[in-house]
Amino acid sequence: MEGTPDTKECMVTRYQLPDTNDLRRLGEPHEMAITVYVETLPGPDQRTNNLLTAKSAVDRMLRELRERATPRGVEQRLRERWEKIAESDVWLRLSRSLAIFIADDFHEVYVLPNALLNQSQLGAYFDIGQLVRAVTTPQEAYALTLSANGWNLWHATATSRAEEMTLLGDHPTDVADATNRATVRDRDHVRRLVGDEGKKVLLETYARRVAEAVEAELGHVDPAAHTPLFVFASDPILSIYRGLDSKHEIIPVPGAPDSLRPDQVDDTIRASLSELNTRRTDALVDTIGDGVARGLVATDLADIARAAVAGAISTLVYDFTVDVIGRFNEANGRVTYGNGGYDLLSRIAIMVLDRGGDVVAVRPAEVTADIWNGTAVAALRFPLS
């Protein structure tokens, strides 16, 4: 759901990630702009704490504004916009993070399920680095909770927490259903299977039926199996299932899944996705480095900016925590450095996205590849002239 303003003065609350146009808009200058990222906890009992955390950050920025001897009217407009946010119903529908943008002429809030770090900034431009990371870092996964008592498929996305999927096919519900038995604890002779050995064979049959069902269901939504699959299960069924599903990238989560709440499934996915994305990014930068000899890599920011405007960048990896302040000419790609500008890396990243390239925003130490310079590296579609 997304708020739609009638005028520029209305607050917009977004429950979806911004697109390139949104990022461009948020990157425009203002007389004064406050950026606040807040980690939040959903639930009625957390509303007050979430509000107070955000209020504390905004108050710090307003105090800093006063210390800069900014005209009183600017401070008053910013405060009034914050009060509108504080009094809105956004606090009733929180997820894991809020991104709050308050300027003298408008304000906007993003409610996001992925974890952002607490951060605040005051200046002529919003700090959109964390938002770019949220947009460009994969935050989608499927999950399977599997036990002898039953199984369920889940889907988590960049804009929604993990939710149980509605299955399209008719599949066995548990081990007994999959093996046509009343219970797997029955020690009577059934089809010549008895005791623990018989139970293992039944579990293998059950796991195979579930693997077939998972392949069929995910085949509708992720036919190429690009998205990782988290499997919440205990041994021996966890090991059995992993041996049967060779199509998906399996992330095992050992433990009994029957009592897991949706928020616990989601929290586990989000925490593990960060590590998974780090491994993938490091491997990606290593692969980008293979193009050096062919002139298909740029590491100097001036070259990267020029390549971005030319549409020559297929993939940009950059550290969104690095402050490189200046201005970027979107007509010819020329960059100039100076404190009167804005975050160059975020602006260049938006240009790459606008030209159909991929962007990966990383934190320090997430990339260890030899070619990595700590700031940015770009894979090029064609060599720069």
Side-chain angles (χ1 to χ4, degrees), residues 1 15-17 42 95-96 112-115 134 137-181 183-184 199-277 279-280:
M1 175 179 177
Y15 293 88
Q16 296 178 345
L17 287 172
S95 189
R96 296 186 72 190
L112 303 173
N114 43 319
T137 301
Q139 288 292 328
E140 182 179 20
Y142 295 100
L144 169 67
T145 49
L146 174 63
S147 76
N149 299 319
W151 62 278
N152 298 93
L153 274 176
W154 305 74
H155 188 203
T157 74
T159 57
S160 63
R161 293 172 69 84
E163 296 179 351
E164 188 176 333
M165 295 174 61
T166 299
L167 304 183
L168 302 178
D170 184 15
H171 310 293
T173 57
D174 55 23
V175 66
D177 186 21
T179 57
N180 299 315
R181 290 170 61 92
T183 171
V184 295
K199 284 172 58 178
K200 183 179 180 181
V201 173
L202 294 174
L203 287 176
E204 289 174 345
T205 301
Y206 169 52
R208 185 176 298 105
R209 296 285 303 277
V210 172
E212 292 169 353
V214 168
E215 182 173 356
E217 293 294 332
L218 295 188
H220 296 297
V221 291
D222 185 27
H226 288 312
T227 308
L229 174 65
F230 288 74
V231 179
F232 295 75
S234 299
D235 277 329
I237 198 167
L238 176 58
S239 297
I240 294 172
Y241 184 89
R242 293 181 68 187
L244 293 169
D245 190 335
S246 59
K247 184 174 183 179
H248 298 96
E249 181 179 7
I250 302 292
I251 294 89
V253 186
D258 290 335
S259 60
L260 288 176
R261 302 188 309 270
D263 62 300
Q264 292 174 313
V265 173
D266 188 85
D267 287 345
T268 300
I269 290 173
R270 304 292 172 184
S272 299
L273 273 178
S274 178
E275 180 181 349
L276 177 62
N277 287 331
R279 293 200 306 269
R280 287 179 168 180

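All values derive from a computational prediction rather than experimental measurement.
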Discussion item. Quick check for you: to the nearest 0.5 Å, what is the distance between Glu140 atom CD and Ile269 atom CD1?
Written reply: 10.5 Å

Practice prompt. State whether the side chain of Glu217 and the backbone N or O of Leu168 hold a donor-acceptor pair below 3.5 Å, judged by distance alone.
Written response: yes

Worksheet item: Any sub-3.5 Å donor-acceptor pair from Asn277's side-chain atoms to Leu273's backbone N or O?
Response: yes

Discussion item. Do Tyr142 and Pro228 have side chains that approach each other closer than 4.5 Å (heavy atoms only, starting at C-beta)?
Written reply: no

Worksheet item: If we only count heavy atoms from C-beta on, is the Met165 to Leu218 side-chain gap below 4.5 Å?
Response: yes

Worksheet entry | Side chain to side chain, Leu244 and Val210, heavy atoms closer than 4.5 Å | no

Worksheet item: Do we see a donor-acceptor contact under 3.5 Å between the side chains of Asp258 and Ser147?
Response: yes

Worksheet item: Any side-chain donor-acceptor pair under 3.5 Å between His248 and Glu215?
Response: no

Practice prompt. Apply side chain to side chain donor-acceptor pair (under 3.5 Å) to Glu212 and His171, showing your working.
Written response: CA-CA 9 Å; Glu212 292 169 353; His171 310 293; over 6 Å; no

Worksheet item: Are any non-hydrogen side-chain atoms of Val231 and Ile251 less than 4.5 angstrom apart?
Response: no

Discussion item. Could you check whether any side-chain N or O of Gln264 sits under 3.5 Å from a backbone N or O of Arg261, counting only pairs where one atom can act as donor and the other as acceptor?
Written reply: yes

Item to complete: Please lay out, stage by stage, how Glu164 and His155 fare under the test side-chain contact (heavy atoms from CB on, under 4.5 Å).
Response: CA-CA 6 Å; Glu164 188 176 333; His155 188 203; over 6 Å; no

Item to complete: For the residue pair Thr145 and Trp154, confirm or rule out a side-chain donor-acceptor distance under 3.5 Å.
Response: yes

Fill in: Approximate separation, where rounding is to 0.5 Å, of Leu153 CG and Leu144 CG
5.5 Å

Discussion item. How long is the straight-line distance from OH of Tyr206 back to CD1 of Ile237, given to the nearest 0.5 Å?
Written reply: 5.5 Å

Worksheet item: Rounded to the nearest 0.5 Å, what separation is found between the CZ atom of Phe232 and the CH2 atom of Trp151?
Response: 15.5 Å

Worksheet item: For atom CZ of Arg242, is the number of surrounding heavy atoms from other residues, nucleotides or ligands below 6.0 Å larger than 12?
Response: no

Response to the item:
What one should report as the nearest heavy-atom pair of Ala134 and Leu112 is CB-CD1, 4.5 Å

Worksheet entry | Any donor-acceptor pair under 3.5 Å from Thr205 side chain to Val201 backbone | yes

Worksheet item: Are the side chains of Val214 and Tyr241 in touch, meaning some heavy atoms are under 4.5 Å apart?
Response: yes

Discussion item. Strictly distance-based, threshold 3.5 Å: is any side-chain N or O of Lys247 a donor or acceptor partner for the main-chain N or O of Ala224?
Written reply: no

Discussion item. To the nearest 0.5 Å, what is the distance between CG on Asp266 and CG on Leu260?
Written reply: 12.0 Å

Worksheet item: Just by distance, do the side chain of Ser239 and the backbone of Asp235 share a donor-acceptor pair under 3.5 Å?
Response: no

Worksheet item: Hey, does the side chain of Thr173 reach the backbone of Gly150 with a donor-acceptor pair shorter than 3.5 angstrom?
Response: no

Practice prompt. For Asp263 and Asp267, indicate whether the former's side chain and the latter's backbone hold a donor-acceptor pair under 3.5 Å.
Written response: no

Discussion item. Quick check for you: to the nearest 0.5 Å, what is the distance between Ser160 atom OG and Gln16 atom CD?
Written reply: 10.0 Å

Worksheet item: Quick one: do Glu204 and Arg209 make a salt bridge, cutoff under 4.0 Å?
Response: no

Fill in: Side chain to side chain, Leu146 and Pro257, heavy atoms closer than 4.5 Å
no

Worksheet item: Any idea which heavy atoms bring Arg270 and Gln139 closest together, and the distance?
Response: NH1-O, 3.2 Å

Worksheet item: Just by modelled atom types, is the Thr227 backbone N or O under 3.5 Å from a matching donor or acceptor in the Glu249 side chain?
Response: no

